[in-house]
Each structure stands twice: as C-alpha cells, then as structure tokens.
Undergrad: 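Sharing a structure here in structure tokens format.
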Amino acid sequence: MPQAEGGYVSLPAMNGNGNGSAIYQSTTEPQAASPTSVFESVKRAIGQAIKSSPGDSEELVRMEQRQPVIVGGGARDRDKTGKTLNTKMPSAPTHTAEEAHLLGTMPVDPMDDIELRSVQLQFPNARGSILEACDQRRVPTDKGDIHVAIQGDTSKPAIVTYHDLGLNYATSFAGFFNYPVMRGLLENFCVYHVTAPGQEEGAPTLPEDYVYPTMDELAAQLLFVLSHFGLKSVIGFGVGAGANILARFAHGHPDKVGALCLINCVSTQSGWIEWGYQSFNARFLRTKGMTQGVIDYLMWHHFGRNPEERNHDLVQMYKQHFERGVNPTNLAMLINAYIHRNDLHLARTPPGTPGAETAATTLKMPVINITGSLSPHVDDTVTFNGRLDPTNSSWMKISDCAMVLEEQPAKLAEAFRLFLQGEGYVEFKVTPINWNTIE
C-alpha cells in the first residue's frame, strides 16, 4: 500500500493470472522479495537477533517496521458489474476548515486581545475613591474628638450624613455618593460625613475608662461640628442609628436643620427582643471579638432575611467588612448606647390636645421617611411616620430591597433629588422617576 495513505492495498493475482487458486488465497504479507511462512520468518528473526551485530539489529528493526499489504485475486476485487472495488483501509479522518474552526484549531487574531485591553469604565464606582476625594478632619467635642470627612465645595449648602451600626462613612455612603446620578448633586452641595467615636476605619481601641456618649450626647456633638465649620443650617441624611441621632438633633435644634432624609429610622426605645439580642452581641464583642452570631445579627439588621438570594457578592463584601474592618470593642460601646436609647417623644397632635403628652412635639422641618420593602424596620418607620406632620413629611417604601443605599441606589437618588428640588434647595434637570416601581 502507499505509505502516504496509511492503508492496505489489494495486489493483483499471482503470476498475472486472473483466475486460479491464487485468487482465493488472499492473505497479508510484508513487501519482501520472496514469500515465506510466518513460522520461518519468526525463527529467522530470532536467530539473527541472537547472532547479529549492532548493525544487524538495526536491519531487523527496519524489517519489522515494514507495512503489510493485502494479496488478493482480481475477481475478488471486482463487483458484479466488473468494476474494481476500493479495498483500501479507511485512513484517519481529516478535519475540514469549518470543523477546525469550531474545534479552535484555527489561529486566533491577536488584535482581539489588544482591543479588549482598551475597554475602560467611564464612571467606576470604586469605594476607595471617596477616601481620596474627602478632606479628613478631627473635630474636638466635649466627649472627645470625632472624625468628619468633607466631600465637595465648602461654600455650597451642607449635607450632614450619619451612618448605621457596624459601618462608617466610607462603607455606608461611598457606593451611594459615587453613583453616577449623585455626582451631579455634589456640584450643588457639600457633604460632611460624620463618624461616631471609634467607628472609623482602622480606629484604635477606646480606653477602658472612656465613657461612651449616649444617643442624646451623640446628637449634641453635631453642634460642635456645625460650629467648627461655621454651618448655620444643614440637611440631614441618616441611616438606622444615624437617622435616630439626626432626628434627635433636629428635634432639639429645629433652627439648625432645614430638611431630613431618614432611612430605617426608629423613634421608640428598644424592645425586649432587640435589647436581649444586642446585649449578648455587645458582651461577645467585648470578650470574644466578632463572632458568627454577631455577624448574622448585623446582616439581618442591614439586609433582612435571605440576603444571599438577592445579591450574593454584596453580602460577602459586608461580611468581610464586619470580620476585618470593625473594632469589636468600639462597636460594643456604640451598640450599648443604641439599645439604651430613650423615646424621641414625637407626637403628631399639637400640644394641648387632650390625651397628648405635654412636651411632645413633632419635627417642624420637611422629612422624607424611607425604608425597603424587605427591611426588618418597616414597622418602625410606619410608627415614626405616624408621629410626623403629614403636611411636611412623606413615607416611601422602595420595593425589592432592604438596604436601600446599596440595593436600589438609583431610586433613592431620584427620590432624594426630587425632595431637595421640591424644597427649593437646587434647580437642575431631573430624570423622570418611575413611580410604579416604588410602593
């Protein structure tokens, strides 16, 4: 057979005779000069291997590598019509150009990699960028220094933010204020991010004899912030425990606050269940550090139940922050202050109404009260909304989220911008909001 085709070929009948017994004695034999039996060939090969020199061994190897061919008769290699049959053995399949392309054997254009390297995000929402964009300050107060980060032009109207439990200004507000829709807002405002004592990133452990401020004292510290930066009136933006602190400050100093945006605000004192869970959490944080039970409670506090089903990556990021980026002793002090909070003593009914508390008044400035439909604090926001003046307040529940700042930043940003525009703080073009998606 031809070696290039890698198969077997049919030899013509021996002695040129198309008929005869040789036609029916087809067999395979090497392409040798004279045919011999298999047994004699094996004996001769073994004898030569024993008596041969190294040169003979190479000849034996070459002889063994010879390809066999089929010896057959001419009649056997023809069909009934007399045409010669194709008795070649099938060779190895060769791939067509299409198959080779599908199997990835075709060469890859190197220009693909070069073009992909040039792709960049126009507005990267890097959380670390807020650290670089902010001016870090330490403001002295009667209860020690507190950390304040300034973002924006200080000559513009001021927005004061306050974070929730287990977070700080960077982890709580970095993603939201780096959102593309909020970038235009910073052109008209200056944001002052206030962090509770000992809660900033990399904060050292507070001394053992340090008496942590109460919720009322934390609210009073904002007076030092306003005085330090020369602010006469601010807009409050708080989440959770921070919303409670800003509401206390606005209630005690209504002339210092022009408007409030509060998320998951609780206006009552802690209940027995919350007090019990958080008391154990504070004890574990002081003695054992950040345990899995504390992390689970903080995740429920911020994201509600089954947060992995909504955003697995976001949940993992916050879990890593609680494990590595929080000082457990300092967080225990803040939790202890939060669970020992007193009632805000707000009432929708004006003073003097029979059955109403004598000293109870409601907030006089415009308030937007926001929560997520999956948040565990929905009932608390409803209670808080019942204590506000319906003429200058609104309650909003955003669907499909618990942590509104992270899970629905676009809806929150549009609602906040509309709220500020409605109060006459800024004039800008607002993208229409789809109210059908907001409950």
Side-chain angles (χ1 to χ4, degrees), residues 150-162 173 176-177 179-194 219 222-223 225-226 229-240 242-265 267 344 346 348 350 361-372 381-382 384-398 404-405 408-435 437-439:
I150 306 173
Q151 184 179 8
D153 187 359
T154 55
S155 62
K156 302 296 180 62
I159 298 177
V160 174
T161 68
Y162 218 113
F173 300 108
F176 178 69
F177 281 96
Y179 196 72
V181 179
M182 292 300 297
R183 292 177 183 269
L185 185 70
L186 296 179
E187 299 177 358
N188 302 282
F189 291 92
C190 181
V191 185
Y192 296 81
H193 301 284
V194 181
L222 296 177
L223 281 175
V225 176
L226 270 62
F229 296 106
L231 305 176
K232 296 181 179 179
S233 179
V234 298
I235 300 170
F237 191 99
V239 183
N244 185 279
I245 293 173
L246 288 175
R248 290 176 185 274
F249 178 75
H251 189 214
H253 307 277
D255 57 323
K256 300 290 185 182
V257 181
L260 282 176
C261 178
L262 305 178
I263 303 173
N264 295 335
C265 183
S267 61
L344 291 180
L346 299 176
R348 175 176 291 184
T361 56
T362 190
L363 298 176
K364 296 179 174 60
M365 69 287 304
V367 180
I368 179 171
N369 180 22
I370 302 176
T371 187
T381 60
V382 172
F384 179 53
N385 183 67
R387 296 179 165 193
L388 299 176
D389 186 356
T391 61
N392 64 356
S393 64
S394 58
W395 178 75
M396 179 180 297
K397 183 172 70 172
I398 301 179
V404 184
L405 283 169
Q408 296 290 352
K411 296 179 181 179
L412 178 60
E414 291 297 332
F416 187 48
R417 293 176 64 179
L418 287 173
F419 173 68
L420 294 179
Q421 186 184 28
E423 299 304 323
Y425 281 98
V426 64
E427 294 181 1
F428 47 75
K429 183 179 180 180
V430 180
T431 304
I433 187 171
N434 185 5
W435 295 101
T437 60
I438 300 180
E439 298 181 2

Undergrad: How far does CG of Leu412 sit from CD1 of Ile398, to the nearest 0.5 angstrom?
TA: 5.5 Å
Undergrad: Considering all heavy atoms of both residues, which atom of Asn264 and which atom of Thr381 are nearest to each other, and what is their separation?
TA: CA-CG2, 3.8 Å
Undergrad: Got a second to check how far Ile159's CD1 is from Phe173's CZ, nearest 0.5 Å?
TA: 11.0 Å
Undergrad: For the aromatic rings, using the six-membered ring if either is Trp, is the centroid distance between Phe416 and Phe237 under 6.0 Å?
TA: yes
Undergrad: How far does NZ of Lys364 sit from OG of Ser393, to the nearest 0.5 angstrom?
TA: 13.5 Å
Undergrad: I'd like to check Glu423 versus Ile235 (side-chain heavy atoms, cut-off strictly below 4.5 Å). Are they in contact?
TA: no
Undergrad: Which residues satisfy the side-chain hydrogen bond (donor to acceptor under 3.5 Å, both in side chains) test with Asn392, sequence neighbours excluded?
TA: none
Undergrad: Against Leu262, only a single residue in Val239, Leu246, Asn244 fulfils side-chain contact (heavy atoms from CB on, under 4.5 Å); can you say which?
TA: Leu246
Undergrad: For Val181 versus Ala413, what's the shortest heavy-atom pair and its separation?
TA: CG1-CB, 4.0 Å
Undergrad: Closest heavy-atom contact between Phe249 and Ala219?
TA: CD1-O, 3.3 Å
Undergrad: Are Asn188 and Pro157 packed together at the side-chain level, in the sense that at least one heavy-atom pair is separated by less than 4.5 angstrom?
TA: no
Undergrad: Would you say that Leu363 contacts His251 through its side chain, given a criterion of any heavy-atom pair below 4.5 Å between the two side chains?
TA: yes
Undergrad: Any side-chain to backbone donor/acceptor pair from Arg387 onto Arg348? Under 3.5 Å, distance only.
TA: no
Undergrad: So which heavy atom on Gly372 is nearest to which on Lys397, and how close?
TA: C-CG, 4.0 Å
Undergrad: Within this structure, what is the NE2-CE distance for the pair His253 and Met365, rounded to the nearest 0.5 Å?
TA: 11.0 Å
Undergrad: Between Val257 and Val160, is any pair of side-chain heavy atoms under 4.5 Å apart?
TA: no
Undergrad: Would you mind reporting whether Ser394 and Ile368 have side-chain heavy atoms less than 4.5 Å apart?
TA: yes
Undergrad: Tell me, please, which residues at least two apart from Leu231 pass side chain to side chain contact (heavy atoms under 4.5 Å, CB included).
TA: Ala158, Tyr192, Leu226, Phe229, Val234
Undergrad: Once you round to the nearest 0.5 Å, how far does CD1 of Ile370 lie from CG of Leu405?
TA: 9.0 Å
Undergrad: Quick one: which of Phe177, Phe176, Tyr162 gives a ring-ring contact (aromatic ring centres under 6.0 Å, His included) with His193?
TA: Phe177
Undergrad: Measure across Lys156 and Cys190 and return the closest heavy-atom pair with its distance rounded to 0.1 Å.
TA: CB-N, 4.0 Å
Undergrad: Work out which heavy atom in Gly258 is nearest to a heavy atom in Pro366; give both atom names and the distance.
TA: O-CD, 3.3 Å
Undergrad: Can you find a heavy atom in the side chain of Val367 that is under 4.5 Å from one in the side chain of Asp389?
TA: no
Undergrad: Rounded at 0.5 Å granularity, tell me how far SG in Cys265 sits from CG in Asn385.
TA: 11.0 Å
